[in-house]
2 protein chains.
Amino acid sequence: MPDFPIGGYDGGSVSVSRPMGRVTLADVAKAASVATMTVSRYLHGNPNISPATARKVKAAIDRLGYRPNYAARVLMGQPSKVIGLILPNLANPFFSLIAHCVQQTAHGRGYLVWIAATNDDPTSDLELIERMRDHHVDGLLLASSQGSNIPQEKMGGIPTVAIDRPLRGAGVDFVTVDDRAAAREAVSHLLQHGYKRIAITGIDAQIRPIQERILGYQDAMRAAGLPPLPYIRCDDHASALQICKTLRTGKRPVEALFPLNGDTSVLFLEAFEELRISIPRDLAFFSYGDIPLSRAIRPRLSAVQQPIEAMAEQATLRLLEQIEQKTKPSRARIKIPASLVIRESCGCTRSRSSRTS
Amino acid sequence: MPDFPIGGYDGGSVSVSRPMGRVTLADVAKAASVATMTVSRYLHGNPNISPATARKVKAAIDRLGYRPNYAARVLMGQPSKVIGLILPNLANPFFSLIAHCVQQTAHGRGYLVWIAATNDDPTSDLELIERMRDHHVDGLLLASSQGSNIPQEKMGGIPTVAIDRPLRGAGVDFVTVDDRAAAREAVSHLLQHGYKRIAITGIDAQIRPIQERILGYQDAMRAAGLPPLPYIRCDDHASALQICKTLRTGKRPVEALFPLNGDTSVLFLEAFEELRISIPRDLAFFSYGDIPLSRAIRPRLSAVQQPIEAMAEQATLRLLEQIEQKTKPSRARIKIPASLVIRESCGCTRSRSSRTS
DNA sequence: TCCCTTATTGGGAGCGCTAACAATCTAGTT
DNA sequence: AACTAGATTGTTAGCGCTCCCAATAAGGGA
């Protein structure tokens with residue numbers, strides 16, 4: 001059996017329910033007493049059509065409630081006007097905001113967005129790509145799951161833009177936040193407070209954006225002549241608690257904590273509350289990405305503010321350009337600068353804001 | 001011009017880039033020296049095929065890397081194996097969790113899920129339905145935007161299940177949380193604490209689930225012989241602040257606040273923090289739905305816990321059944337009971353949990 | 001008036017696939 | 001050996017649409 005789903009056993013001759021009764025081009029043509037081609041041309045805005053004919057055709061379309069059959073269009077090589085958006089996880093506000101923005105941008109240009117999530121399953125990635133291709137999406141926007149490696153030939157020349165995470169293997173455009181600069185700025189800010197032992201933590205460091213943020217952290221530490229501390233992996237509530245306990249013990253306690261992603265920030269905020277760790281008195285804190293409900297948290301969080309809208313819009317526009325201009329992917333790497341929102345958790349007492357280079 | 005996007009002006013004779021080079025059934029058939037029908041039969045798991053032929057066909061498929069062309073399948077009336085999921089807003093964790101669960105369930109049954117969001121634009125609803133139909137989704141899962149009224153004929157007989165919010169007009173199955181019972185239970189619990197003036201607040205009350213929750217509130221108040229207080233609309237941070245100020249003033253201050261949806265709960269938690277209102281000392285609080293980051297909030301929140309997974313799974317399974325068994329929609333109304341998570345914000349001091357009827 | 005150019009319309013063919021039916025082949029029966 | 005039921009494979013047509021090319025209608029200059 002093949003690895004793609006099939007129509008199901010049909011017993012060899014069981015009739016499949018055909019979507020009956022739908023109005024076709026031929027129906028419209030007959031009603032308007034013209035050739036199907038004329039209707040087709042009208043639909044495509046071909047100017048070589050007399051106003052009188054156009055009116056007749058329009059009337060027939062409206063009267064019959066005609067809708068185009070995209071399967072037939074697409075079979076002839078026409079664009080489907082659908083782009084696929086594959087995300088690792090819809091429950092993460094970072095990605096759901098991307099979804100929102102991509103849809104906004106694409107919709108304004110006449111495209112539908114087919115959103116799907118891999119739920120961090122790297123094999124699911126490849127399957128989604130293939131099946132979306134089978135369904136003739138015009139292009140693909142990919143925030144690939146951790147570790148998935150997409151061979152170039154699997155993309156089969158379909159316009160693709162990677163977003164947030166690069167696509168190893170396939171040579172495509174890549175739009176991302178300038179994570180390295182953002183992390184560097186954040187750590188620099190913490191250093192200005194006089195903290196010397198600044199620790200970083202987060203999820204699996206294999207993911208590209210995390211690697212970039214680690215580099216940014218190291219940049220800032222080294223620039224200040226301080227040794228970078230090792231990256232602390234934190235995946236769940238239990239490990240956050242555990243880490244909190246070890247951070248403050250020992251002869252040289254950590255003075256500031258910088259989680260490198262939003263989920264981890266949440267984990268630590270929960271742990272701080274549970275362990276009655278006072279921020280920023282016991283420990284300074286700098287969050288990565290805006291946290292939902294952050295206004296209900298005291299002290300207010302200083303955070304890296306990711307330019308999600310700009311990133312999503314850039315990526316979408318680049319993709320649509322590739323689709324419509326049929327330009328080759330330039331393998332460009334577009335880095336969008338993030339900004340810092342300085343509130344109180346880092347040790348500041350008044351709010352102010354700065355923008356990274 | 002029609003109201004659906006068209007392929008773009010083609011000048012009458014500009015050649016459209018056909019996705020060249022893709023392996024077709026005929027290619028496989030030739031490579032395996034059989035008829036195309038034989039390959040098709042193999043793909044559909046037809047048992048009337050000799051093992052030797054099956055092997056030959058499989059080898060050819062693997063060697064050539066054949067993938068089915070769904071446009072052609074669908075044009076013949078075959079199922080597309082895609083279901084559409086239309087949600088009001090992906091940024092809301094309630095809906096993004098629905099998306100996650102639907103995908104989980106559908107994927108296990110060989111279906112892809114086409115997720116799209118209307119961003120609370122009621123007109124966008126209808127357009128998405130129509131365009132997904134144009135693309136031959138096998139069925140539709142709908143959490144319709146507020147106020148959208150879908151005429152039955154627009155659904156055109158496509159299997160549909162409404163989720164969370166009913167579909168006015170179209171007679172389809174409807175899977176929802178038993179919001180009325182959940183609200184009743186929550187209010188009853190608050191009443192047991194001795195609170196008599198319990199206020200409800202939330203977004204636009206036109207939305208069906210909100211209406212049900214209001215009814216549940218009124219049930220509980222009347223059962224206790226108390227007059228229900230009027231519903232307080234709250235849409236943003238400013239109005240939450242305003243409401244907080246008025247709640248505690250006057251001769252008969254409100255003792256407990258019960259926001260009827262998650263977003264509003266967040267708004268009030270932020271306002272409480274800003275106004276230094278202490279929960280539950282100044283005001284008891286019962287949240288609707290689990291709030292992200294709720295573990296980082298003191299006191300811990302008592303909340304209605306919505307059975308999102310069960311709801312999404314039920315809805316998906318019902319839809320797939322309609323699709324595969326070709327059963328008519330029973331116009332059934334399935335209510336899934338919610339449970340209460342009792343923590344501290346309601347005035348309790350120890351955690352315990354109860355389940356509504 | 002005729003011919004030629006340009007605007008507008010029509011007529012097949014065929015995209016890749018599958019339903020229905022036809023054809024062939026096998027083994028079992030009398 | 002002739003025949004038949006059943007298993008296996010092939011053939012044809014056509015899903016709804018758009019391509020290519022041909023056909024017609026409309027204007028303009030000789």
Side-chain angles (χ1 to χ4, degrees), chain A residues 4 6-30 32-54 56-57 64 66-80 134-136, chain B residues 4 6-30 32-54 56-57 64 66-80 134-136:
Chain A
F4 39 79
I6 45 85
Y9 165 49
D10 68 349
S13 65
V14 174
S15 173
V16 165
S17 76
R18 202 158 307 177
M20 296 284 281
R22 204 147 167 185
V23 180
T24 71
L25 254 199
D27 297 332
V28 174
K30 205 188 296 173
S33 323
V34 294
T36 57
M37 232 358 254
T38 304
V39 182
S40 176
R41 273 192 273 255
Y42 169 79
L43 290 172
H44 286 266
N46 189 310
N48 292 340
I49 204 168
S50 73
T53 311
K56 271 198 305 186
V57 171
L64 300 179
Y66 170 79
R67 295 236 106 214
N69 186 328
Y70 273 84
R73 278 191 175 175
V74 146
L75 194 56
M76 289 300 296
Q78 290 277 102
S80 65
D134 297 345
H135 284 280
H136 297 263
Chain B
F4 39 80
I6 46 84
Y9 165 50
D10 68 348
S13 66
V14 173
S15 174
V16 166
S17 76
R18 200 158 306 176
M20 295 287 280
R22 212 159 156 174
V23 180
T24 72
L25 255 199
D27 296 332
V28 175
K30 203 188 296 175
S33 323
V34 293
T36 58
M37 236 355 255
T38 305
V39 182
S40 175
R41 273 191 275 255
Y42 168 81
L43 290 172
H44 287 266
N46 189 310
N48 291 340
I49 204 169
S50 76
T53 310
K56 268 197 307 185
V57 171
L64 299 179
Y66 170 79
R67 295 236 105 212
N69 185 329
Y70 273 84
R73 279 191 174 176
V74 147
L75 195 56
M76 290 298 297
Q78 291 277 100
S80 65
D134 297 344
H135 284 281
H136 297 264

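Below, all heavy atoms of this structure are taken into account, side chains as well, without hydrogens, waters or symmetry copies. Below, chain A is the first sequence line, B the second, and so on; all start at residue 1.
Per the geometry, CG belonging to Asp134(A) stands 14 Å off P belonging to dG16(C), to the nearest Å. A straight line from NZ of Lys30(A) to P of dC17(D) spans 13 Å, rounded to a whole angstrom. Rounded to whole Å, the distance from CG on Asn46(B) to P on dG10(D) is 13 Å. With rounding to whole Å, His136(A) atom NE2 is found 14 Å from dC17(D) atom C1'. One interatomic measurement links the two molecules: NE2 of His44(B) to P of dC17(C), which rounds to 10 Å at whole-angstrom precision. In this structure, Leu43(B) atom CG and dG16(C) atom C1' are separated by 12 Å, rounded to whole Å. The separation between Leu25(B) atom CG and dA19(C) atom C1' is 14 Å, rounded to whole Å. Rounding to whole angstrom units, CG of residue Asn69(B) and C1' of dG16(C) are separated by 6 Å.
With sequence neighbours excluded, the residues that form a side chain to side chain donor-acceptor pair (under 3.5 Å) with Thr53(A) are Ser50(A). For Ala35(B), the side chain to side chain contact (heavy atoms under 4.5 Å, CB included) test picks out Thr38(B), with sequence neighbours left out. For Ser33(B), there are no side chain to side chain contact (heavy atoms under 4.5 Å, CB included) partners at least two apart in sequence or on another chain. Checked against side chain to side chain contact (heavy atoms under 4.5 Å, CB included), Ser80(A) has the following partners two or more places apart in sequence or in another chain: Val74(A), Val82(A), Asp138(A), His135(B). Taking the side chain to side chain donor-acceptor pair (under 3.5 Å) definition, one finds that Thr24(B) meets it with Asp27(B), sequence neighbours left out.
Of the side-chain N and O atoms in Tyr66(B), one or more sit less than 4.0 angstrom from OP1 or OP2 of dC17(C). Taking side-chain N and O atoms only, Gln78(B) has a distance below 4.0 Å to OP1 or OP2 of dA19(C). Dashed line: the shortest gap from a side-chain N or O of Ser40(A) to OP1 or OP2 of dC17(D) is not under 4.0 Å.
Considering every non-hydrogen atom in both Tyr66(A) and Leu25(A), the closest pair reads CE1-N, 3.5 Å. Residues Ala54(B) and Ile49(B) approach most closely at CB-CG2, 4.3 Å, considering heavy atoms. Summarising the geometry of Val57(A) relative to Val28(A), their closest heavy-atom pair is O-CG1, 4.4 Å, with the distance given to 0.1 Å.
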Polar atoms only, N or O, under 3.5 Å: list the protein pairs with nucleotides 7-13 of chain C and their distances.
residue : atom : partner  : partner atom : Å
dT9(C)  : OP1  : Ser50(A) : OG           : 3.1
dT9(C)  : OP1  : Thr53(A) : OG1          : 2.2
dT9(C)  : OP2  : Ser50(A) : N            : 3.2
dG10(C) : OP2  : Ala35(A) : N            : 2.7
dG10(C) : OP2  : Thr38(A) : OG1          : 2.6
dG10(C) : N7   : Arg41(A) : NH2          : 3.0

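Note that CG of Leu75(B) is 7.0 Å distant from NE2 of His136(B), once rounded to the nearest 0.5 Å.
With the end axes of the helix from dT1(C)-dA30(D) to dT30(C)-dA1(D) each set by five pairs, the angle from one to the other reads 70° at 10° resolution.
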